[in-house]
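Working notes, beginning with the structure itself.
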Amino acid sequence: MKKMPKKYKKRKERKSDFPEGSLFLKRMLGTLLLTLAVGGGVLLLSALILTFVPDPLSLALPVGLLCAAMTALAGGFFATRVYHLSALGAGLINGILITALSLLFSLFFAKNANCYATGYSATVSALLHAGAVGLSIGGAFLGAHEKTPAKRRKRIRR
């Protein structure tokens, strides 16, 4: 029997140490922690800026919402790069995780039962959380945008 040329032989598949599901969960957790680190940095920077404002309490809520929006945008960007999924799927997963985490924190740190994560009513709070998911999807689409390489010259084989 004839031997097959090397170019037609099947490549050996690399076996991962983790099953596919746990690797995905590990990536999700890593991206969420990276998103929270970026959010913490944005909050520290905004707190530093607010110390120079004469009345920082009047700007605390709008700056906090702006920080949350920037965190969701950055999280979607990182999610596309890490998950290697479509932009919609990665942004949706990351946006849902960020929203779930913020709602979980609002249960522990809210002053009363009527105060949701933003201090607004339930309807406005739900719209703001949906906006965070939308911003995460938008950040994912920004992260998925790749530049097309410039035309390459054809090489002459000798």
### Query
What distance do I98 atom CD1 and T35 atom OG1 have between them, rounded to the nearest 0.5 Å?
5.0 Å

### Query
How many angstroms lie between atom CD1 of I93 and atom OG1 of T31, to the nearest 0.5 angstrom?
10.0 Å

### Query
If two hydrophobic side chains count as joined below 4.5 Å and joins carry through other members, does I49 share a cluster with L59?
no

### Task
Could you tell me the separation between the CG atom of L48 and the CG atom of L43, rounded to the nearest 0.5 Å?
12.5 Å

### Task
Indicate the atoms forming the closest heavy-atom contact of A74 with V38, along with that distance.
CB-CG1, 3.9 Å

### Query
Between the main-chain N or O of A132 and the side-chain N or O of S136, is there a donor-acceptor pair closer than 3.5 Å?
no

#### Entry: Contact summary for V133 and I96, nearest pair of heavy atoms
CG2-N, 4.2 Å

#### Entry: F105-L36 co-clustered via ILVMFWY side chain contacts under 4.5 Å
yes

### Query
Which value, rounded to the nearest 0.5 Å, describes the distance between L88 atom CG and L92 atom CG?
6.0 Å

### Task
Enter the distance from T99:OG1 to L104:CG here, rounded to the nearest 0.5 Å.
12.5 Å

### Message
Does any part of the side chain of F77, heavy atoms only, come nearer than 4.5 Å to the side chain of L73, both counted from C-beta?
### Response
no

### Task
Evaluate side-chain contact (heavy atoms from CB on, under 4.5 Å) for L57 paired with D55, printing each intermediate quantity in order.
CA-CA 6 Å; L57 287 179; D55 186 20; 4.2 Å; yes

### Task
Taking T80 for its side chain and G143 for its backbone only, find out whether a donor-acceptor pair lies under 3.5 Å.
no

### Message
Quick check: closest heavy atoms across V82 and R27, and the distance to 0.1 Å?
### Response
O-CD, 3.6 Å

### Query
So how far is it from L65 CG to L61 CG, rounded to the nearest 0.5 Å?
4.5 Å

### Query
Does CE belonging to M70 count more than 12 external heavy atoms closer than 6.0 Å?
no

### Message
With a 3.5 Å distance limit and no angle check, can you tell me whether N94 reaches the backbone of A79 through a side-chain donor-acceptor pair?
### Response
no

### Message
Give me the atom names and distance for the closest heavy-atom approach of G39 to T71.
### Response
CA-OG1, 3.2 Å

### Message
Ignoring hydrogens, what is the shortest heavy-atom contact between V42 and C67? Give both atom names and the distance.
### Response
CG1-SG, 3.6 Å

